[in-house]
Structures are given as C-alpha cells and as structure tokens.
Protein chains: 2
Amino acid sequence: MSANSKQQIIEAAGIVFERYGFKKTTMDDIAYAAGKGKSSLYYYFKNKEEVFEAVVAHEARQLVAEINKAIDASNSAVNKLRSYVNIRMKRFVQRGNLATALNDNFLATFAFIEKIQNNYRDFEVEMIAGIINEGIEKREFKPVDANFTAEAILTCMIGFEVPLLTKTKTTEESVKKINNVIDMFFYGICT
Amino acid sequence: MSANSKQQIIEAAGIVFERYGFKKTTMDDIAYAAGKGKSSLYYYFKNKEEVFEAVVAHEARQLVAEINKAIDASNSAVNKLRSYVNIRMKRFVQRGNLATALNDNFLATFAFIEKIQNNYRDFEVEMIAGIINEGIEKREFKPVDANFTAEAILTCMIGFEVPLLTKTKTTEESVKKINNVIDMFFYGICT
DNA sequence: GTACATTTGGAACAAAATCGTCGAATAAAG
DNA sequence: CTTTATTCGACGATTTTGTTCCAAATGTAC
C-alpha cells in the first residue's frame with residue numbers, strides 16, 4: 001500500500017471534487033486526474049465515499065495546521081479566537097469540498113457532511129476550550145466553563161455555515177456577521 | 001412560444017453550464033435551475049446542444065454590447081483596439097461557457113466550440129477592420145489592408161485562447177502576453 | 001534466476017442516470 | 001366553449017458509472 005500513490009489520488013480527487021462536487025465527480029474523473037486506471041482506485045479505497053472522506057480528512061488536517069499556525073502567531077486569547085474563526089470560515093467557503101459537495105438533496109448531503117465533521121467536533125471543542133482557558137488564566141476572560149462556552153461558540157459557528165451551504169453568499173458578509181456574534185461573546189466574557 | 005420563458009431557461013442554463021461545463025450539465029439540472037419540468041425544455045429547444053448554443057449566442061450578444069460600449073468610450077483607434085482585446089480575453093476566461101465547456105475529449109469540444117464561434121468570426125473581423133480603418137483615416141495607422149490585418153489579429157487572438165482552454169492559467173498573464181503581441185502589431189502599423 | 005507480495009489496468013456487469021418522446025393535464029386566448 | 005399555448009409525469013432506449021474480477025506487470029527479497 002504505497003502511501004505515495006494514495007496521497008496522489010487524494011490530492012487529485014480533491015481538485016476534481018472541488019470543481020464538480022461529490023455527485024458529479026466520477027471515479028473515472030478521479031482516476032484520470034490521478035493518472036491511474038479506474039480500478040486502481042479500488043486498491044486504495046473501498047468506494048467513492050471513502051475517497052471523499054479521505055479528501056475531507058486531508059483538508060481537515062491542513063486546516064488544523066493552518067489554524068495552529070495562526071493561533072501561535074496571535075498573542076492575546078481574544079485574537080487567537082478571532083483568527084480561529086476567520087480561518088475556519090474562509091476555508092469552509094473557499095477550498096471546502098464540504099461546501100461544494102451539495103448537489104441534489106440538500107438535507108441528505110448535509111447529513112453526509114455532518115457525519116464526517118462530527119469526528120472533528122471534539123477536536124475543535126478542545127481547541128477552542130484551550131484558547132478560552134488561556135484567556136481565563138491571562139485574566140482576559142471571566143472564569144466561565146471553558147468547555148461549555150467552546151461548545152456554544154462552535155455550535156454558533158456551525159449555524160453560520162448553513163446559509164453558506166445553501167446560498168452562495170460572499171464570505172465577507174458572513175465573516176462580518178459572525179464577528180459581530182463573536183464580539184458579543186467577548187463583551188459577555190471579557191473582564 | 002413565450003420569449004420570457006425561453007430567456008429564463010437560457011439564463012438558468014448559462015449559470016449551470018458555467019458551473020459544470022457542457023458534459024456534466026444534465027437537462028434536469030437546467031430544468032431545476034429554471035424552475036421547470038425537464039420535458040418543458042424540449043418545448044423550446046430541440047436538444048441539449050441547442051440550449052448550449054442559445055446560451056453562447058446570448059453571451060456573445062452581451063459581449064458585443066460590452067465591447068461596443070468600451071470602444072465608444074475610447075478616443076484613439078489604438079485604445080479602441082486595446083479595449084477590444086482586453087474585454088474579449090477577460091470575458092473568454094471569466095464568464096465563458098466556451099471555456100468551461102471542455103471536459104473530456106479536448107479536440108472534440110474544441111471543434112464544437114469552433115463551429116459555434118465561426119458564426120461570429122465575420123462579425124469580429126468586420127469590427128476590428130472598422131477600428132483599423134478609422135485608425136488609418138486618423139493617420140494613426142499606416143494604410144494597410146484593414147481586412148487582412150483584422151484577420152491576422154483575430155487569428156492571433158484565437159491562438160492565445162487555446163492555452164486558456166487547456167490550462168487554467170491566470171487571465172493577467174495571458175492578457176500581458178497578448179498585449180505584447182498587440183504592441184508588436186502597433187509598432188508595425190503606426191505611422 | 002525463482003518465489004512472493006504489491007500494484008496496475010482491461011474486461012465485464014449490474015445498477016443508476018440521462019436523453020429525448022408521448023400523451024395527458026393545465027392555463028391562456030379567442 | 002373551442003382552440004391554442006405551455007407544462008409536466010412517466011416511460012423506453014441508450015449511455016454512464018460504480019464496483020468486481022482476474023490476469024498482467026512491477027517490484028523485492030532471496
């Protein structure tokens with residue numbers, strides 16, 4: 001099982017999925033983009049959905065790396081949280097196969113995406129909670145329940161993703177809106 | 001035959017074609033986007049290709065209007081020619097169903113597109129020739145054969161479209177390149 | 001070299017998608 | 001009401017697509 005070939009396929013699939021979405025992308029498309037025969041894909045993946053999941057997982061890893069970098073670059077907890085939200089939203093719209101995956105039945109697709117995302121929810125909560133805890137230590141935030149607050153913020157953010165999935169709105173508009181909400185969180189949290 | 005419904009379909013089809021290209025777009029996609037039943041499309045169009053042709057024709061008309069506007073706004077013949085080239089290239093990449101129509105067999109698609117475009121070639125030659133003639137009258141250009149020169153410029157421009165069709169390059173890069181060539185034309189033409 | 005595991009792709013096939021047609025339903029017009 | 005324009009659901013024929021199977025090719029260790 002060459003990790004090289006597998007990665008190659010994942011990256012090729014990422015490009016094609018992003019262009020055409022999940023439904024319209026055929027295994028032939030992926031194979032052609034990866035420079036392999038169609039049946040070779042089945043040596044590395046069980047089916048189309050598994051390829052898609054691998055792509056999403058790969059992009060999620062990239063996203064995490066990017067977020068970590070931005071977080072490290074910020075000094076205050078407030079800025080860390082802000083960077084986190086901004087990057088996450090931007091990514092979700094731009095490079096997101098998650099977003100372009102919608103084609104036919106919206107609810108079915110959304111459930112499909114949600115299932116994949118759920119694996120990362122815990123991770124995200126942990127990350128946000130970490131930032132909040134740091135903010136509490138630094139006296140930037142009130143001593144709230146970090147996990148509970150993190151859950152709330154994340155849920156709120158997911159709420160903002162839904163209109164991004166349905167209507168192809170501008171990122172800016174949504175970022176502006178969500179920043180307002182984040183501000184609300186801050187003014188309720190900050191000492 | 002409601003011109004309204006037909007136009008509605010054409011515009012919806014334009015959006016879908018632009019997103020997915022000719023091959024990946026189904027009649028269902030178009031119908032859904034236009035808010036009609038699939039079979040209703042066949043009341044207005046013979047088949048998928050005819051819908052596509054109507055879309056391209058529609059966009060061509062828009063392009064012509066845009067070009068005419070820009071040409072009228074320019075004073076010198078040199079600037080008119082430059083505006084013309086810039087708009088044409090930009091359009092070709094951005095809103096061009098012509099460009100996104102490529103999916104599988106490149107040559108077949110190209111032939112398909114070429115066939116449609118040929119109807120407009122004469123028109124374009126005439127337009128360029130008009131600009132050149134004006135330039136000659138105003139002593140901006142040498143008294144060259146306007147039609148022949150127009151043919152040359154157009155052919156040259158089509159040559160620049162090919163890499164735009166194959167590789168998804170930036171517009172800027174191509175515009176820069178073609179502007180260089182246009183400059184070459186100028187320095188060979190200008191008095 | 002042989003023996004073995006890894007990797008690839010051609011052929012085949014069932015299931016799904018898709019195009020375009022037909023006829024009936026509905027709306028508009030006269 | 002009669003006629004005409006328009007829409008849509010259902011259907012058959014054909015093509016596409018997802019997936020499997022198997023043999024060929026390639027690499028690897030002895």
Side-chain angles (χ1 to χ4, degrees), chain A residues 1-56 97 100-109 111-112 115-116, chain B residues 1-56 97 100-109 112 116:
Chain A
M1 179 76 99
S2 154
N4 221 10
S5 282
K6 191 168 186 177
Q7 195 58 25
Q8 194 179 333
I9 293 171
I10 291 176
E11 271 158 34
I15 295 170
V16 189
F17 275 132
E18 187 178 344
R19 168 115 181 69
Y20 294 119
F22 178 75
K23 193 188 170 195
K24 295 237 180 220
T25 298
T26 73
M27 292 300 266
D28 262 324
D29 290 333
I30 299 172
Y32 180 78
K36 310 238 167 193
K38 182 172 56 162
S39 31
S40 295
L41 301 186
Y42 290 89
Y43 180 74
Y44 297 96
F45 303 95
K46 211 180 69 203
N47 50 31
K48 193 166 118 179
E49 291 207 2
E50 211 178 71
V51 178
F52 187 78
E53 282 181 21
V55 169
V56 175
N97 284 309
T100 30
L102 69 122
N103 259 338
D104 42 345
N105 188 321
F106 167 65
L107 283 178
T109 319
F112 177 41
K115 186 185 142 211
I116 296 176
Chain B
M1 180 75 101
S2 153
N4 220 9
S5 284
K6 191 166 185 178
Q7 196 57 25
Q8 195 179 333
I9 293 172
I10 290 177
E11 270 158 35
I15 295 170
V16 189
F17 275 132
E18 186 177 345
R19 167 107 182 75
Y20 294 118
F22 179 75
K23 192 189 170 193
K24 294 240 180 218
T25 298
T26 72
M27 292 299 265
D28 264 324
D29 289 334
I30 299 172
Y32 181 77
K36 310 238 166 190
K38 180 176 61 163
S39 25
S40 296
L41 302 187
Y42 289 89
Y43 181 73
Y44 296 95
F45 303 95
K46 211 180 69 205
N47 52 30
K48 193 166 118 180
E49 292 206 1
E50 210 178 72
V51 178
F52 187 78
E53 283 181 20
V55 169
V56 174
N97 285 308
T100 30
L102 69 124
N103 259 337
D104 43 344
N105 187 322
F106 168 64
L107 284 180
T109 318
F112 178 42
I116 296 176

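Chain identifiers are assigned alphabetically (A, B, ...) following the order of the sequence lines, protein sequences preceding nucleic acid strands; residue numbering begins at 1 within each chain.
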Could you go through nucleotides 9-16 of chain D and list every protein N or O atom that sits under 3.5 Å from one of its N or O atoms, giving the distance for each pair?
| residue | atom | partner | partner atom | Å |
| --- | --- | --- | --- | --- |
| D:dG9 | N7 | B:S39 | OG | 3.2 |
| D:dG9 | O6 | B:S39 | OG | 2.4 |

Worksheet entry | Interatomic distance, A:T25 atom OG1 to A:K23 atom NZ [nearest 0.5 angstrom] | 12.0 Å
Worksheet entry | For atom CZ of B:F45 and atom C1' of C:dC19, their distance in whole Å | 16 Å
Discussion item. B:K48: which residues meet the side chain to side chain donor-acceptor pair (under 3.5 Å) condition with it, sequence neighbours left out?
Written reply: none
Practice prompt. Starting at atom CD of B:E50, determine the distance to atom C1' of C:dG20, rounded to an integer number of angstrom.
Written response: 13 Å
Fill in: Atom pair distance, as rounded to whole Å: NZ in A:K48 and P in C:dA16
13 Å
Fill in: Separation of D:dG18 P from A:D29 CG (nearest whole Å)
8 Å
Worksheet item: Mind checking what makes side chain to side chain donor-acceptor pair (under 3.5 Å) contact with B:T26, not counting sequence neighbours?
Response: B:D29
Discussion item. Taking the minimum atom-to-atom distance to the side chain of B:Y42, which one of D:dT19, C:dT8, C:dT21 wins?
Written reply: C:dT21
Practice prompt. Round to the nearest Å and state the distance from B:K46 atom NZ to C:dG20 atom C1'.
Written response: 12 Å
Discussion item. Please report the distance, rounded to the nearest Å, between CG in B:D28 and P in D:dT7.
Written reply: 16 Å
Worksheet item: When we call it a touch if two heavy atoms are under 4.0 Å apart, what does A:Y44 touch: a base, just sugar-phosphate, or nothing?
Response: sugar-phosphate
Worksheet item: Rounded to whole angstroms, how far apart are CE on A:M27 and C1' on C:dA17?
Response: 17 Å
Worksheet entry | A:L41 CG to C:dG10 P, straight-line distance once rounded to whole Å | 13 Å
Worksheet item: Does A:E50 have any side chain to side chain donor-acceptor pair (under 3.5 Å) partners at least two apart in sequence or in another chain, and if so, which?
Response: none
Discussion item. According to side-chain contact (heavy atoms from CB on, under 4.5 Å), who are the partners of A:K38, at least two apart in sequence or on a separate chain?
Written reply: A:M27, A:D28, A:A31
Worksheet item: With B:K6, which residues qualify under side-chain contact (heavy atoms from CB on, under 4.5 Å), at least two apart?
Response: B:I10, B:Y44, B:F45
